[in-house]
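Below you'll find the structure, written out as structure tokens, and then a few comments.
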2 protein chains.
Amino acid sequence: MNTAITLDNASQQDCLPLIRALVNAWQAFSGFDARQLREYDLTPSQADVVFTLGNTEGLTFREIGAQTLITKGTLTGVVDRLTEKGLVRRVEQHADRRCTRVVLTAQGERLFARAFPRHIGVLQARFDGLSEAEKREATRLLEKIARLFR
Amino acid sequence: MNTAITLDNASQQDCLPLIRALVNAWQAFSGFDARQLREYDLTPSQADVVFTLGNTEGLTFREIGAQTLITKGTLTGVVDRLTEKGLVRRVEQHADRRCTRVVLTAQGERLFARAFPRHIGVLQARFDGLSEAEKREATRLLEKIARLFR
DNA sequence: GCCAATTAGTTCTAACGCGAACAATAATAG
DNA sequence: CTATTATTGTTCGCGTTAGAACTAATTGGC
């Protein structure tokens with residue numbers, strides 16, 4: 001009994017159908033998400049930030065990065081573009097002058113109130129193609145996969 | 001009985017834990033994949049192309065794009081970089097002069113023979129943290145999710 | 001109190017990723 | 001046959017994406 005993987009048997013490994021399914025599911029979901037968000041003139045990353053800032057008093061770059069999984073280097077650019085659009089603004093902190101708080105502007109709040117419920121509604125409607133038991137099981141398995149590769 | 005989604009109940013929709021799990025699983029898997037491939041000095045897209053071309057007589061851009069889900073515009077750049085590295089070359093077709101076939105060079109073949117089995121082996125080892133039944137169920141659910149958003 | 005280690009955010013580089021516009025070529029309708 | 005339509009790959013614009021180097025500010029050890 002040997003687990004060596006050769007050029008000949010590599011394509012028969014049973015992880016490959018699962019990997020293909022994961023890639024396809026991600027591609028389909030993220031593509032759909034991006035197309036939907038275009039209605040609000042937002043990229044997925046921008047929407048992620050706006051939706052994270054909604055119903056908060058503002059968050060620092062570090063906090064946004066932790067919740068959205070956007071790297072801090074990327075986040076600088078995303079916040080720059082949201083600022084140009086007038087949806088957020090940077091607020092300096094006196095307590096810790098290294099930190100910057102990012103806050104939704106009035107326009108950002110309005111977009112959040114309009115886009116967030118509608119966007120979630122569209123996604124929820126699609127996911128209702130799964131039963132509640134399937135959603136729970138898929139969540140459990142995906143959490144387990146995430147742990148395996150962390 | 002109403003399914004309207006408001007600003008207040010949007011965060012309670014039961015698709016959200018599943019979405020979070022999907023995002024986290026993808027992030028963890030694709031990040032691991034990218035770090036592993038760095039050992040061969042390949043990006044995920046480059047590896048995707050090299051691994052797709054392995055054991056073939058070469059494929060056109062259209063065929064590679066169909067199998068890898070890389071857009072044709074992106075593929076031009078990926079093949080450019082693989083060409084610079086000496087791993088693939090473009091072969092013009094006389095039959096249809098619009099088409100270009102991409103073929104592994106001898107160096108590309110060697111890299112494929114070395115990297116493909118080893119990389120699959122590393123991934124397979126991680127996925128063995130799931131039982132066979134879990135792999136099948138995860139595959140089924142992910143295929144269903146992909147269909148919901150296609 | 002002072003120096004070393006941390007932390008926060010910015011900048012830079014290389015490579016995607018997608019959609020749209022484009023030129024060259026091929027296929028099809030009439 | 002010829003005009004229209006479709007397909008193939010390239011190019012471009014814009015926006016990520018990760019990672020590393022960098023600056024400014026803060027914290028911890030002693």
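This structure is a prediction, so every number in the text was calculated from the model and none was measured. In what follows, chains carry the letters A, B, and so on, assigned in the order in which the sequence lines appear, proteins first and then strands, with residues in each chain numbered from 1. Excluded from the calculations below are hydrogen atoms, water molecules and symmetry mates; all remaining heavy atoms, backbone and side chain alike, are included.
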Between atom [atom1] in [X] and atom [atom2] in [N], what is the gap in whole Å?
X: Arg97(A); N: dT10(C); atom1: CZ; atom2: P; answer: 15 Å
X: Leu42(B); N: dA18(D); atom1: CG; atom2: P; answer: 19 Å
X: Leu37(B); N: dA15(C); atom1: CG; atom2: C1'; answer: 14 Å
X: Arg38(B); N: dT17(D); atom1: CZ; atom2: C1'; answer: 12 Å

Ring geometry between His119(B) and Tyr40(B) (parallel below 30°, tilted from 30 to 60°, perpendicular above 60°): perpendicular
Letter per nucleotide, 5' to 3', of nucleotides 7-16 of chain D [B base touched, S only sugar-phosphate touched, - untouched; heavy atoms, 4.0 Å]: BBBBB---SB
Interface residues of residues 18-35 of chain B with DNA chain C (non-hydrogen, below 4.0 angstrom): none
Atom CD of Glu132(B): over 12 foreign heavy atoms under 6.0 Å: no
Residue Glu92(A) excluded, over 12 heavy atoms near CD under 6.0 Å: no
Checking [X] now: which residues fulfil salt bridge (charged side-chain N to carboxylate O under 4.0 Å, His left out) with it, not counting sequence neighbours?
X: Asp41(A); answer: none
X: Arg118(B); answer: Glu39(B)
X: Glu137(B); answer: Arg140(B)

Heavy-atom pair with the smallest gap, counting every atom of Thr60(A) and Glu63(A): N-OE1, 2.9 Å
Salt bridge (Lys or Arg N to Asp or Glu O under 4.0 Å) contacts touching residues 65-90 of chain B (sequence neighbours left out): Asp80(B)-Arg90(B)
Any pair counted as salt bridge (Lys or Arg N to Asp or Glu O under 4.0 Å), so long as it reaches residues 19-32 of chain A, sequence neighbours left out: none
Helix axis bend for the helix from dG1(C)-dC30(D) to dG30(C)-dC1(D) - C1'-based end axes, five pairs, 10° rounding: 30°
Show which side-chain atoms of residues 142-150 of chain A pair as donor or acceptor with protein atoms under 3.5 Å away, not counting sequence neighbours.
{"from": "Lys144(A)", "atom 1": "NZ", "to": "Glu134(B)", "atom 2": "OE1", "distance (Å)": "3.1"}
{"from": "Lys144(A)", "atom 1": "NZ", "to": "Glu134(B)", "atom 2": "OE2", "distance (Å)": "3.2"}

Salt-bridge criterion met for Arg126(A) and Asp33(A) (N-O under 4.0 Å): no
Results of side-chain hydrogen bond (donor to acceptor under 3.5 Å, both in side chains) for Asn55(A) - residues two or more places apart only: none
So which protein nitrogen or oxygen atoms get under 3.5 Å of nucleotides 1-3 of chain D's nitrogens or oxygens?
none

For residues 105-115 of chain A, which side-chain N or O atoms pair as donor and acceptor with protein atoms under 3.5 Å away, sequence neighbours left out?
{"from": "Thr105(A)", "atom 1": "OG1", "to": "Gly86(A)", "atom 2": "O", "distance (Å)": "2.6"}
{"from": "Thr105(A)", "atom 1": "OG1", "to": "Leu87(A)", "atom 2": "O", "distance (Å)": "3.2"}
{"from": "Thr105(A)", "atom 1": "OG1", "to": "Gln107(A)", "atom 2": "N", "distance (Å)": "3.4"}
{"from": "Thr105(A)", "atom 1": "OG1", "to": "Gly108(A)", "atom 2": "N", "distance (Å)": "3.0"}

